Colleague: 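For reference, the structure I am asking about is given below.
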Amino acid sequence: MSLLDDLNPQQRQAVSAPPGPTLVLAGPGSGKTRVLTFRVAYLLGELAVPPGEIMAVTFTNKAAREMAKRIEGLLADPRAANGSSARPFSLGTFHALAARMLRREADLLPFTRDFVIYDASDQEALVRQAVKDLNLDLKQYPPGRILGAISTAKNELIGPSEYTTTTYYGEIVKRVYEVYQKRLNSNNALDFDDLLMKVVALLREADDVRRRYRDRYRHILVDEFQDTNTAQYVLLRLLAGDGDPDLFVVGDADQSIYRWRGADYRNVIRFQEDYPGSGMVLLEQNYRSTQTILDAAMAVIDRHPGRQIKRLFTDRGRGPQVVVHEAYDEQDEASYVVETIAMLTMRGEADPGDCAVMYRTNAQSRSLEEAFLRAGLAYRLVGAQRFYGRREVKDLIAYLRLIHNPLDQVSLLRVLNVPPRALGAKSVQTLLDTAERAGVAPHTILLDLARDATSPHASALGSRSIRGLKAFGESLQSWLDDRERLPLPALIDRVLTTTDYRSYIDDGTDEGTDRWANVMELRGVAQEMDGLDLTSFLEHVALVSDQDTLTDSLNVPTLLTLHAAKGLEFPVVFIIGLDEGVLPHQRAMDDSEELAEERRLFYVGLTRAKDRLFLVRTFRRRAAGISSMCEPSRFLLDIPADLVEGDHAGILTAAQASFQRQTRWDSPASGPPTTRFRVGLHIRHPKFGEGIVMSSRLDGDDEEVTITFASEGVKRLAASIARLDILEDEE
DNA sequence: ATCACAATACTTTTT
DNA sequence: GTATTGTGAT
């Protein structure tokens, strides 16, 4: 009797694969989390691997926690070869693990272990500063776009000095990038991308450090491998080392939805090339959804041009038909969702907590929230910025970051005049100029003023701003002293009292009360994480996103974006806003790669559903204030009408008919000649045996096919020369 | 010089 | 609904 008895043959093959590079290609709902957790348990139990040697990388911290919990459960199972309870091993996201390594090795690095992590809005503030510094027009060079370019470069491990370009715009980006990076350094700050980049640089340059980590992490597991970017992949390779490391990666190219963040599912191909001896296991059976839902999902993903028809199968039976609903406007859409959930609950067909509502953009949650509130029903929102993006929360965090790392200028500028201290733009600018001229960081000027108002720095400043700056400096000094003495919640209280933050934020209105409640909630987080120091608290705040804190104890419907839904499952799923311009999103419509990603995103949403699926579209939609008509999503039209519940199928067939007359398609109208060998196709080669097509591209009249063979690894073959037989679908 | 309030423009997805 | 910019009052 072994733990592995609970698995199907494919899963068992993956879990008990001999240590070495292994690629697990898993369809949705195929139990890949299960495979990963069993693999860890197998290493710990069966192979008696010391826990310290294992590192598991997950996509979210929530996934990490979930996995830890499950492993603990597995190891407590009497059938586990080594029935002691769970032991600690490294587990977390790339970013969290990288941050830990950087703090540990900070002595070798050009920043101190007190570095702060800048989130997207901090980054944008810094880019904004840089653009202004270079006397560029913010309108012409929107910080967000420049930041995107910088982030893309960082994900490819391209630093400011290596950044090459041939365009004028690229030249601007390069110059902003240089200033931006300099500012990060002088602020003792790292952005998200730096966490990865700096670790990679460290491991590349410091031989002894690299050796140490390689010796330490003998077994590495990666979840959602299709969403790794170049920096992450290089980091993995550095940690794993050469030869045949035990690198166990699990992914599904069809669920790759983070291309815009630099993720490259071709890492799957790279993996096979870099580790020619790697094993490959497929997980094809789906344990989650009914056949109807799977058929709908497959119909959508199979429209992906140049892709093999995939047969996901389940033994769960057909289940109820898919429901398609057309609402009049967003309010109507939201009330339809709320009413349907209420009805299902009332009939006892589902618990409120079984239901999830998914949408493309966070903004779409608003009408839903209003409808839930109107109906007096509770809900849970997994929002990107629901909590940590709020002004009052950011203010308090900025204060704490400043205390933690006074070099953090972004935070300093944020709070210097919040609450108002009569320090306007002019005073701030004079402070910065004075600091620059004296060659010191701005905060030292403040601290100097606090000690001695007549310090030499004072000359350039007006008497009124000196008073304000001095007062702020005194407060800062006292907090810095407190930092050493007081536990975190008490430190927070001190900041709130000295700044009299409450009377600033809480004006007695409902909104003000709400804001103060948020401040207290943040304090509560600090309190809960008992004994946590300031460093860990700030790191938690920076790296732990809302969905990581998603509690499943509440029995209420969940509202979340399709991206946030990745890796989750619900008995009842609503996907709303199935309209052209929303899903697919307007900004993805003129790029066929992006359009393909939108399609995969929809596919991810569909495959979250276990039993029932509701697809909702809206006839009229308000965007940026004006309401206009919109057309049904092209993805919706790909769902075969015979999977849709009677009354509603008409909506589809009518829309499909009108669609025929138009020329919207995923690829240009003329369309390039298509490849004969589509990704995922099973083939047989006379010499190499059976394999799977990883990619194929046209090469003149010929076709170059990249194939992974079960026995031979990756080969690139010319279709005209190699005698490739296409095997029938794996039915 | 600062601040409060009004007008304005913009709004993908997130570790 | 939010962040930035503009305006007039203090």
Side-chain angles (χ1 to χ4, degrees), chain A residues 57-64 92-99 117-121 123-125 128 132 138-139 142-145 148 151 154-155 190-196 224 227-229 231-232 256-263 358-367 369-370 382-386 388-391 394 417-430 461-465 468 507 511 539 542-548 560-566 577 581-589 591 594 597-598 600-602 604-605 622-626:
Chain A
V57 190
T58 51
F59 198 75
T60 62
N61 285 298
K62 166 154 205 259
T93 63
F94 275 105
H95 294 266
L97 291 166
I117 300 167
Y118 276 174
D119 69 14
S121 64
Q123 292 181 54
E124 198 167 315
R128 190 173 289 273
K132 274 193 194 149
L138 282 167
K139 291 231 157 52
R145 244 189 96 190
S151 180
K154 287 190 168 191
N155 285 329
L190 301 182
D191 64 21
F192 272 111
D193 306 317
D194 277 342
L195 292 173
L196 302 173
E224 309 287 7
D227 284 322
T228 50
N229 60 33
Q232 291 164 338
S256 142
I257 53 175
Y258 283 98
R259 204 183 73 99
W260 51 275
R261 217 171 65 189
M358 300 173 188
Y359 36 82
R360 175 65 236 265
T361 67
N362 283 304
Q364 290 172 264
S365 72
R366 188 155 305 132
S367 49
E369 288 187 79
E370 283 165 8
V382 185
Q385 304 230 308
R386 188 62 187 155
Y388 290 107
R390 312 204 75 117
R391 179 160 55 101
K394 291 213 75 171
N417 199 31
V418 174
R421 298 186 181 87
L423 295 169
K426 194 61 188 278
S427 304
V428 171
Q429 197 50 53
T430 322
L461 296 153
S463 67
R464 198 143 63 109
S465 45
D507 52 6
E511 211 188 322
E539 188 163 305
L543 295 178
V544 173
S545 60
D546 279 12
Q547 40 226 279
D548 296 337
L560 74 180
T561 62
L562 288 161
H563 283 91
K566 174 164 125 153
V582 180
L583 182 68
H585 194 273
Q586 191 65 46
R587 314 234 332 211
M589 299 240 267
D591 180 299
E594 283 182 49
E597 180 146 312
E598 299 284 307
R600 294 194 294 268
L601 190 56
F602 183 41
V604 167
R622 284 178 79 82
I626 42 166

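Model, not experiment: these values are computed from the prediction. In what follows, every chain begins at residue 1, and chains take the letters A, B, ... in the order their sequences are listed.
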Colleague: For the pair made of CG in A:N362 and P in C:dG1, what is the distance, rounded to whole Å?
Modeller: 15 Å

Colleague: How close or far is atom C1' of B:dT11 from atom CZ of A:R360, stated in whole angstroms?
Modeller: 12 Å

Colleague: Among B:dA1, B:dT14, B:dT12, which nucleotide has an atom closest to any side-chain atom of A:S427?
Modeller: B:dA1

Colleague: State whether the side chain of A:Q232 and the backbone N or O of A:N229 hold a donor-acceptor pair below 3.5 Å, judged by distance alone.
Modeller: yes

Colleague: Name the one of A:N417, A:T430, A:V418 that satisfies side chain to side chain contact (heavy atoms under 4.5 Å, CB included) with A:L423?
Modeller: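 Option passing the side chain to side chain contact (heavy atoms under 4.5 Å, CB included) with A:L423: A:N417.
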
Colleague: Once you round it to whole Å, what is the distance between C1' of B:dA1 and CZ of A:R421?
Modeller: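 Roughly 17 Å, once rounded to whole Å.
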
Colleague: Across the strands shown, which category fits A:R366 at heavy-atom distances under 4.0 angstrom: base, sugar-phosphate, nothing?
Modeller: sugar-phosphate

Colleague: Between A:S121 and A:E124, is any side-chain donor less than 3.5 angstrom from a side-chain acceptor?
Modeller: no

Colleague: Can you check the A:N417 CG to B:dA1 P distance for me, whole Å?
Modeller: 15 Å

Colleague: Could you tell me how the ring of A:Y258 sits relative to the ring of A:F59: parallel (under 30°), tilted (30 to 60°) or perpendicular (over 60°)?
Modeller: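 Rings of A:Y258 and A:F59: tilted, 30 to 60°.
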
Colleague: May I have the distance from A:R390 (atom CZ) to C:dG1 (atom C1'), rounded to whole angstrom?
Modeller: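 About 11 Å, once rounded to whole Å.
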
Colleague: Go through B:dC3, B:dT13, C:dT4 for me and flag the one nearest to the A:R128 side chain.
Modeller: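 Nearest nucleotide to the side chain: C:dT4.
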
Colleague: Grab the NZ-C1' distance between A:K132 and C:dT4 for me, whole Å please.
Modeller: 9 Å

Colleague: Nearest-Å distance, CG (A:L543) to P (B:dT14)?
Modeller: 16 Å

Colleague: If you assign each of A:A422 and A:Q232 to its closest nucleotide in DNA chain B, which residue comes earlier from the 5' end?
Modeller: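 Its nucleotide being nearer the 5' end, the pick is A:A422.
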
Colleague: Are A:F94 and the base of B:dT15 stacked, counting only ring centres nearer than 5.5 Å and planes tilted under 30°?
Modeller: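 A:F94 ring does not meet the centre or angle cut-off for B:dT15; no stack.
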
Colleague: Would you please determine if the base of B:dT15 is stacked by A:F192, with stacking meaning a centroid separation under 5.5 angstrom and planes under 30 degrees?
Modeller: yes

Colleague: Can you check whether any acceptor in the base of B:dT12 is under 3.5 Å from a donor in the side chain of A:R587, or vice versa?
Modeller: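 Per atom types, no contact qualifies.
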
Colleague: Please confirm whether the ring centroid of A:F94 lies under 6.0 Å from the ring centroid of A:F192.
Modeller: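 No, they do not, as the ring centres are separated by 6.0 Å or more.
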
Colleague: A:H585 has a side chain; which of B:dT14, B:dT15, B:dT12 sits nearest to it?
Modeller: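 Nearest to the side chain of A:H585 among the choices is B:dT12.
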
Colleague: Output the rounded distance in Å from CD (A:E370) to C1' (C:dG1).
Modeller: 10 Å

Colleague: Does the aromatic ring of A:H95 sit over the six-membered base ring of B:dT15, closer than 5.5 Å centre to centre and tilted less than 30°?
Modeller: no

